[in-house]
Amino acid sequence: MNNPEQRKLKARAYKSEIKPVWCPGCGHFGVLSAVTKALAYLGLRKEKVALVSGIGCSSRLPAYIDVYGFHGVHGRALPIASGLKAARPDLTVIAAGGDGDGFSIGGNHFLHACRRNMDMTYIVMDNQVYGMTKGQASPTTDPDWVKSKLTPHGTGIPQFNPPAIALASGAGFIARGFSGDPIGLTRLLVEAITYPGFAFIQVLSPCTTFRPEQKAWKHQVHSQVLETTDDPLDAARRIHGNDGVTTGLLYRIEKPVMQPRTTTGTVAELRSEFLV
Ligand code: SF4
Ligand code: MG
């Protein structure tokens, strides 16, 4: 994975020429910066990295990074990334998106990607709102958030706890980062990308337009004081016991990586296999 030649590339060399259209102050700028720093640190060749996304503000990320990119359809970053990894195991595959994209329409894919454990990184930029479609409640929105016209009395539904769901679904690498902590987030991304298996990172990434109160995260988010754990019971206690704004590597174990057998057959040969 590491390539001494590529270590000469600075993080900015991984940025594309396309200027982000995110709102001023959007947390996703910090994620963009951290991803490029992680790629530069690892010295990854651009043509050996593929970044796959779904739909939403955060899913614009592939346009802004100068590696292979696929801006997919809503909630489908993970199946696309899985297919790509199956066909091209030599690539470093990163899937990225938001909380609405990944935990609502993409929720089923999230569960199964966790248990399938293909070697890829999944970054969810969580701002607890659908930003692109102008501020509806998402699966991670707190139940009493009343600023959306669609849910003026709040959803009344407890929000998803993404790390807990990842743990219950069998993920072997679970982390939480913060877009306002680029160094800490870069470190987590480096660990995630080099982890052999499915690495999930929930990134607290404020939506300054529809959740301006999230600007306070810069005063509230803090890193965990404990080392990571490989004990799922310990991880569950920590995840359920913490305040949702504690960052760090929450859980890490080694487990068998799934790499599907692929075929190099022609379409005609494939068809004949199905007809047997
Ligand atoms: Fe960022 Fe929110 Fe603006 Fe989308 S709407 S670009 S998430 S600040
Ligand atoms: Mg969102």
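Numbering of ligands and ligand atoms starts at 1, following listing order.
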- Going by atom types only, do Asp126 and Gln202 share a side-chain donor-acceptor pair under 3.5 Å? yes

- Would Thr141 and Tyr130 count as having a side-chain donor-acceptor pair, cut-off 3.5 Å? no

- Message: Taking 2.8 Å as the limit, list every protein N, O or S atom around the Mg ion (ligand 2), by chain and residue number.
- Response: Asp99 OD1, Asn127 OD1, Val129 O

- So Tyr64 and Trp22, would you call those rings parallel, tilted or perpendicular, with 30° and 60° as cut-offs? perpendicular

- Message: Quiz question: by atom type and distance under 3.5 Å, do the side chains of Thr246 and Asp243 form a donor-acceptor pair?
- Response: yes

- What's the verdict on ring pair (Phe, Tyr, Trp, His ring centres under 6.0 Å) for Phe173 and Tyr251, showing C-alpha distance, side-chain angles and the deciding distance? CA-CA 6 Å; Phe173 182 110; Tyr251 180 64; 9.6 Å; no

- Message: Restricting to under 2.8 Å, identify the protein N, O or S atoms around atom 1 (Fe) of ligand 1 as residue plus atom.
- Response: Cys26 SG

- Lys15 and Glu17 ion-paired at < 4.0 Å: no

- Message: My understanding is that only residues two or more places apart in sequence, or in another chain, count here; which of them pass side-chain contact (heavy atoms from CB on, under 4.5 Å) with Ala34?
- Response: Leu185, Thr186, Leu189

- For ligand 1, which atoms sit closer than 4.0 Å to a heavy atom of Phe210? 5 (S)

- Could Arg211 and Glu213 be called an ion pair, given the rule that one side-chain N must be under 4.0 Å from one carboxylate O? yes

- Query: Considering residues at least two apart in sequence or located in another chain, which fulfil the side-chain contact (heavy atoms from CB on, under 4.5 Å) criterion with Ala113?
  - Reply: Leu78, Phe198

- Query: Going through the distances and angles, do Ile105 and Arg76 end up as a side chain to side chain contact (heavy atoms under 4.5 Å, CB included)?
  - Reply: CA-CA 8 Å; Ile105 190 168; Arg76 310 300 182 218; 4.0 Å; yes

